[in-house]
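The next block holds one structure in the form of structure tokens; read it before the comments.
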Amino acid sequence: MAKCEKVFKGNEDVFNHYIDFMQKSILDGSATATLEDSSSLDVGEAKVRIDVFERYSFLGKSRVSLNITTVWSNDNINTIAITSGGSQACFYKINTLGEKNFLTKFNESFDEFIKRFLTEDELINEQ
């Protein structure tokens, strides 16, 4: 499992554009990537979006998932990406390269979104 968290500034339109951009970028970034499911909900004034992607890891010879949860509240957008699957072995995780590569695709897509649509001042935090 690999994880990444990022926070940036943006209104509801930026939130919606970010969701669309990330979906297209993740799907276009791999011939085997699919959007397995997604869900949107409003919690008070906040908006939450969860997208679950999968792709085949040729090195691990298995499917790897990427879950992206994005929350918009008070003009802050929080996004968390978590990958899982694709490792081998029963008791110890061996070959987690597929997970790391899928998370790298998320990071590249995120960086491209920031570069094309936001300023550095709007990027609040990266973990």
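As a basis for the values below, the full set of heavy atoms in this structure was taken, side chains included, without hydrogen atoms, waters or symmetry mates.
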| Min side-chain heavy-atom separation F53-S65 under 4.5 Å | no
| request: Evaluate the criterion side-chain contact (heavy atoms from CB on, under 4.5 Å) for residue pair K105 and D28; output intermediate values, then yes/no. | output: CA-CA 10 Å; K105 179 58 189 164; D28 290 350; over 6 Å; no
| query | Are any non-hydrogen side-chain atoms of L35 and Q23 less than 4.5 angstrom apart? | reply | yes
| query | Got a second to check how far I77's CD1 is from K6's NZ, nearest 0.5 Å? | reply | 14.0 Å
| request: Could you state whether L118 and V71 fall into the same hydrophobic cluster, counting links through intermediate Ile, Leu, Val, Met, Phe, Trp or Tyr residues with side-chain heavy atoms under 4.5 angstrom apart? | output: no
| message | Could you check whether any side-chain N or O of T32 sits under 3.5 Å from a backbone N or O of Y56, counting only pairs where one atom can act as donor and the other as acceptor? | response | yes
| Do H17 and D13 come close enough that some side-chain heavy atom pair is under 4.5 Å? | no
| request: For residues K3 and T83, determine if any side-chain heavy atom of one lies less than 4.5 Å from a side-chain heavy atom of the other. | output: no
| query | Between G85 and E99, what is the shortest heavy-atom contact and its length? | reply | O-OE2, 2.6 Å
| message | Contact between F102 and I26 at the side-chain level, heavy atoms closer than 4.5 Å - yes or no? | response | yes
| field | V64-V52 co-clustered via ILVMFWY side chain contacts under 4.5 Å | value | no
| query | Are F117 and Y18 close enough that their ring centres sit under 6.0 Å apart? | reply | no
| said: Do I68 and V48 land in one hydrophobic cluster if side-chain heavy atoms of ILVMFWY residues count as linked below 4.5 Å? | reply: no
| message | Treating S25 as the side-chain partner and F21 as the backbone partner, does any N or O pair qualify as donor plus acceptor under 3.5 Å? | response | no
| query | Any side-chain donor-acceptor pair under 3.5 Å between R49 and S40? | reply | yes
| task | Please round to the nearest 0.5 Å and tell me the distance separating atom OG of S84 and atom CZ of R63. | result | 12.5 Å
| request: Look at the side-chain heavy atoms of Ile, Leu, Val, Met, Phe, Trp and Tyr, link any pair under 4.5 Å apart, and say whether I50 and F106 land in one connected group. | output: no
| field | Close side-chain approach of K9 to N76, heavy-atom, < 4.5 Å | value | yes
| task | May I ask you to test the C4-I80 pair for a side-chain heavy-atom distance under 4.5 Å? | result | no
| request: Drop me the distance from T69's OG1 to E5's CD, to the nearest 0.5 angstrom. | output: 10.0 Å
| Inter-residue atom distance K115.NZ - D111.CG, 0.5 Å rounding | 9.5 Å
| Does the pair D51 and T70 meet the rule for a side-chain contact (heavy atoms from CB on, under 4.5 Å), with working shown? | CA-CA 9 Å; D51 290 321; T70 307; over 6 Å; no
| query | Are any of the side-chain heavy atoms of N101 and R55 separated by less than 4.5 Å? | reply | yes
| said: So, taking the atom named OG in S109 and the one named CG in N107, what distance separates them when rounded to the nearest 0.5 Å? | reply: 9.0 Å
| So with a 6.0 Å cut-off around CG of N74, is the heavy-atom count from everything else above 12? | no
| task | Check step by step if side-chain contact (heavy atoms from CB on, under 4.5 Å) holds for V14 and N16. | result | CA-CA 5 Å; V14 172; N16 291 326; over 6 Å; no
